[in-house]
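Taking it in order: structure first as structure tokens, then the write-up.
From a predicted model like this one, the values you see are computed outputs, not experimental measurements. Order of the sequence lines sets the chain letters (A, B, ...), proteins ahead of strands, with each chain counted from 1.
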Amino acid sequence: MADKKLLLIDGNSVAFRAFYALFRQLENFRNPEGLHTNAIYTFKNMLDVVLNDVKPDHVLVAFDAGKTTFRNNMYADYKGGRQKTPSELSEQLPYIQELLHDLGISTYELDNYEADDIIGTFATIGEKEGFKVTVVTGDKDLTQLASPQTTVMVTKSGVLNLEAYTPEHMKEVNGVTPTEFIDMKALMGDNSDNYPGVTKIGPKKASQLIQEYGSVENLYDHIDDMKPSKMKENLINDKDKALLGKKLATIDRHTPLTIGIDDIKWREVDYQKLRRFYEKMNFRKFLSQLDPESAAGQKDQPVKDNKAVAFTELKENDINNFAVKDGQTITFYLGMLGANYHLADFVGFAIKIDKQIYVSRNVDLLKEPQLKNILENKQITKNVFDLKRTTVGLNRLGIHARGIDYDMLLASYLINNENNSDDMGEICRMYGDNSVKSDYDVYGKGKSAHIPEDDQVLFNHLAGKIEAIENLKETLLAKLKEHEQDDLFANIEIPVARVLSVMEINGIKVQAETLTQLQDEFAVELKKMEKQIYDEAGEEFNINSPKQLGHILFEKMGLKPIKKTKTGYSTSVDVLNQLKDESPIIGQILTYRQIAKIQSTYVNGLLDVIQKDGRVHTRYLQTLTATGRLSSVDPNLQNIPTRTEEGKQIRKAFVPSEPDGYIFSCDYSQIELRVLAQVSGDEQMQEAFRTGYDIHAHTAMKIFHLKSTADVTPLMRRRAKAVNFGIVYGISDYGLSKNLNISRKQAKQFIDNYFEQYPQIKDYMNKAVQVAREKGYAETIMHRRRYLPDIHAKNFNVRSFAERTAINSPIQGSAADIIKIAMINMQKKLDDMHLKTKMVVQVHDELIFDVPKDELETIKKIVPEVMQSAVRLDIPLVADSGYGHNWFDAK
DNA sequence: GTAATCACG
DNA sequence: ACGTACGTGATTACT
């Protein structure tokens with residue numbers, strides 16, 4: 001017979017995790033009385049996962065009783081300095097208990113003890129009585145309970161992702177056994193519980209020492225044998241702290257409980273009460289799981305999905321019956337197999353007119369005048385999922401889509417871009433709608449992807465998408481409104497999607513002959529370098545393999561490995577540059593690498609993607625980045641080389657449509673620093689931009705305390721430039737020192753000077769972090785959001801990263817907002833003036849145009865104007881331009 | 001499929 | 001004291 005199973009949950013820590021897992025949804029999760037419910041909801045979700053996984057016979061959720069426990073008697077500051085539990089969470093705790101009781105689950109708390117101790121004690125009892133014990137917690141402290149009979153599940157990211165600590169896993173992670181973990185903690189202390197441990201001892205050292213000595217006590221018994229060192233001194237000086245730490249870290253496994261194991265059996269679920277509870281909390285998802293069958297005893301009922309949708313297969317004759325009037329709204333979906341919609345096979349389409357959904361595999365039906373007119377009529381508004389994809393796809397059928405004013409994909413991206421999926425099924429599930437399958441479930445993925453033969457399967461999928469677009473529209477629009485993003489949606493993202501469709505359809509002409517010529521030149525150069533490298537190494541090997549290269553350099557030739565990667569020696573540019581003087585092979589490798597990169601990625605890569613029309617048609621991904629920038633794929637036109645002479649040659653292949661035409665390029669000057677000057681309101685920096693100074697020279701003058709920019713040396717300017725960039729990224733002295741190859745101390749001095757000279761920038765940075773902490777997200781000037789759940793992370797690195805992101809995102813994101821506005825205005829201007837000039841490429845702060853000869857003068861005038869006037873700031877926006885008969889010469 | 005490297009803003 | 005710049009995509013090697 002299988003063992004009886006006991007499940008023990010640390011109520012407070014799991015509730016805490018649950019609260020922060022959905023922190024960004026805090027204000028969306030409220031019941032009609034205004035009670036926050038995010039933690040209750042997530043707690044229940046977590047519970048379902050664990051109950052289903054463990055299927056326990058006995059369950060207990062333990063809570064902390066009050067503020068002080070026996071540990072405070074040993075150490076008054078225990079858990080001191082901890083932030084108070086936010087009221088939005090504490091108000092939910094009683095309801096979590098109520099929910100648990102309705103589910104037939106016991107809860108328990110005991111004065112003077114923590115939930116940990118209750119769990120430790122029950123685990124001890126459970127093990128004695130032959131239970132298989134599972135502990136669930138958000139706190140690693142409890143891993144000391146792991147044993148052959150007890151597994152400790154610790155929440156990893158979010159709450160649904162749990163890491164199972166067995167004694168073996170414990171050993172892998174910490175290098176010690178669960179009981180030794182107590183001693184390890186005694187030495188290293190615990191920041192969150194506010195006790196110190198031994199000075200200068202962190203997890204690494206603590207683990208080593210305990211592995212060597214087995215326990216704190218044994219370590220001190222043998223301390224005299226230890227070699228003299230700073231660490232030994234610290235250990236001796238902080239002996240009291242270590243011994244105290246051990247007491248504090250040890251979970252009391254013999255708490256004087258007032259209940260026994262028989263009191264915590266998992267009882268019957270009280271469905272009546274549970275239903276009332278869900279109604280009170282407005283938990284529709286859980287309510288829908290409570291239909292009569294589930295009341296019959298099934299504890300876990302998966303959410304229903306894939307209801308059949310009513311649809312009609314469209315036949316040619318039906319099309320004549322369509323009568324859609326101006327002002328009406330329809331919903332349309334065009335299915336394609338594969339990501340690249342410039343080339344992908346059509347799967348079919350679905351269209352909803354007057355409450356009737358029509359589907360067909362035959363996209364040629366769309367070309368029939370009746371349907372074509374509907375799709376091209378601007379007065380008939382359309383809901384779609386992915387405007388750009390739909391528009392480009394229809395264009396391949398000779399249909400010029402107009403009137404699309406709602407895009408579910410764009411809406412969901414603006415509302416929350418953490419999960420930047422472009423799969424409709426996944427997006428629906430984020431909003432609790434399980435009715436749409438993922439495309440990869442219907443079509444398969446990779447090579448085996450195909451269109452289902454079964455009409456029912458395909459049509460149901462297509463029609464289901466139509467329903468979902470309509471069903472979620474109201475919800476998504478309401479959220480956009482709530483976020484003050486209706487303007488961003490309707491007046492920036494939707495119009496920019498239309499502009500991008502035009503750009504992608506146009507493409508840019510790439511001359512294959514120019515590339516093949518470069519290919520030959522680079523091939524000769526590569527052969528030459530290859531030979532030199534083999535001679536120097538004394539053998540032939542694959543230079544492109546970091547593993548083989550590392551072997552040659554650091555083992556065979558005995559060079560000093562400066563940096564390591566997870567898998568071996570690092571051979572990155574950084575490292576090689578530092579070794580440059582050691583051997584001529586280093587320079588040869590650097591040259592080889594550089595050319596090889598250009599050859600494979602750009603020469604060969606571009607040749608592969610030139611279409612029959614002699615042009616490349618990139619796809620701009622509009623719903624991918626966390627900051628609101630675009631990205632570009634197939635090919636990526638946003639990273640065409642510019643920094644090296646060889647690389648730059650690639651740009652010669654990018655040419656205008658007409659032989660005597662021009663490539664015209666216009667880029668914003670220092671847009672991110674200008675945005676920084678704007679959002680920080682810093683007087684000094686704003687003044688510099690208003691005066692039209694060279695901003696890096698100005699910064700150099702400021703931080704080096706010079707009287708005039710005339711006194712700035714090139715070195716000073718270079719350093720000031722790096723500081724300016726660093727500021728935008730959320731600077732650290734370490735990062736700057738590495739970038740400039742200067743001491744950390746010197747870097748710190750630069751930064752201190754900077755903040756002294758531009759005090760409001762420092763204020764901005766502090767405020768950005770503070771606001772992100774309060775709201776859970778960072779925001780651009782156009783209300784684009786980036787959620788930063790990690791801003792509350794316990795882990796210093798994770799949290800610091802979120803803090804830098806809070807500083808950087810509004811800057812990078814606002815710059816992205818600005819150029820998007822410029823693009824919309826620019827396309828409108830080109831259309832209004834009936835110009836033949838095409839906007840062809842966007843590279844974050846620059847726009848590239850394909851200009852007929854006789855329009856050059858006009859373009860020279862209007863492009864900078866439009867870009868500079870995209871938004872009105874307290875400081876001027878400046879755009880510089882250049883042109884030539886190819887992209888190389890357009891500088 | 002992931003890691004390392006390097007191309008861009 | 002912690003260990004570090006912010007966004008991206010493509011290619012290659014190798015599991």
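- Note on S800(A): nothing from the nucleic acid sits closer than 4.0 angstrom, heavy atoms only.
- Here A806(A) lies out of heavy-atom contact (under 4.0 Å) with every strand.
- Contact annotation: side chain of Q812(A) to base of dC6(C), donor-acceptor pair present below 3.5 Å.
- Under the Watson-Crick or G-U wobble criterion, with both distances below 3.5 Å, dA3(B) is paired with dT12(C).
- A816(A) comes within contact range of no nucleotide atom at all, as no heavy-atom separation falls under 4.0 Å.
- Closest approach to the T567(A) side chain among dC6(B), dG9(B), dA4(B) is made by dA4(B) (side chain taken as heavy atoms from C-beta onward).
- Comparing the P positions of dC6(B) and dA5(C) gives a spacing of 16 Å, expressed to the nearest Å.
- Between S631(A) and the phosphate of dG9(C), there is a side-chain N or O to OP1/OP2 separation shorter than 4.0 Å.
- Side chain of N544(A), nearest nucleotide from dC6(B), dA10(C), dA13(C): dA13(C).
- Residue N636(A) is classed as a sugar-phosphate contact, given heavy-atom separations below 4.0 Å to backbone atoms only.
- Between the side chain of R744(A) and the base of dT4(C) there is at least one donor-acceptor pair of N/O atoms closer than 3.5 Å.
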#### Entry: Pair T644(A)-I598(A), side-chain contact (heavy atoms from CB on, under 4.5 Å): steps then yes or no
CA-CA 10 Å; T644(A) 67; I598(A) 293 163; 4.2 Å; yes
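- Rounded to an integer number of Å, the gap from CZ of F888(A) to P of dC8(B) is 13 Å.
- Side chains of E426(A) and Y440(A): a donor-acceptor N/O pair is present below 3.5 angstrom, by distance only.
- Along DNA chain C, the nucleotide closest to K200(A) and the one closest to G605(A) are compared, and the more 5′ of them pairs with K200(A).
- Across the protein-nucleic acid pair, Y729(A) atom OH and dA5(C) atom P stand 12 Å apart, rounded to whole Å.
- When the P atom is compared between dT4(C) and dT5(B), the two are found 15 Å apart, to the nearest whole Å.
- The side chain of L624(A) approaches dG9(C) more closely than any other nucleotide in the set dG9(C), dA4(B), dC6(C).
- A salt bridge links R717(A) with D694(A); the closest basic N to acidic carboxylate O contact falls under 4.0 Å.
- Listed candidates were dG9(C), dG9(B), dA5(C). Nearest to the side chain of N639(A) is dG9(C).
- Below the 3.5 angstrom threshold, one finds no donor paired with an acceptor across the side chain of S600(A) and the base of dT11(C).
- Between the side chains of K597(A) and Q594(A), no donor N or O sits under 3.5 Å from an acceptor N or O.
- For K597(A), the side-chain atoms get nearest to dA10(C) when compared with the rest of dT11(C), dA10(C), dT4(C).
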### Task
Report the C-alpha separation of K580(A) and N577(A) in whole Å, then their side-chain angles, then the decisive distance to 0.1 Å, and conclude whether the side chain to side chain donor-acceptor pair (under 3.5 Å) test is met.
CA-CA 5 Å; K580(A) 235 182 200 156; N577(A) 271 330; 3.2 Å; yes
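- Computed from coordinates, the Y620(A) OH to dT8(C) P distance equals 17 Å when rounded to whole Å.
- The same atom, P, is picked in dA7(B) and in dC2(C); the two are 33 Å apart, to the nearest Å.
- Which of dG7(C), dT4(C), dT11(C) sits closest to the side chain of R804(A) comes down to dT4(C).
- Nearest to the side-chain atoms of F801(A) among the listed nucleotides dC6(B), dG7(C), dT8(C) stands dG7(C).
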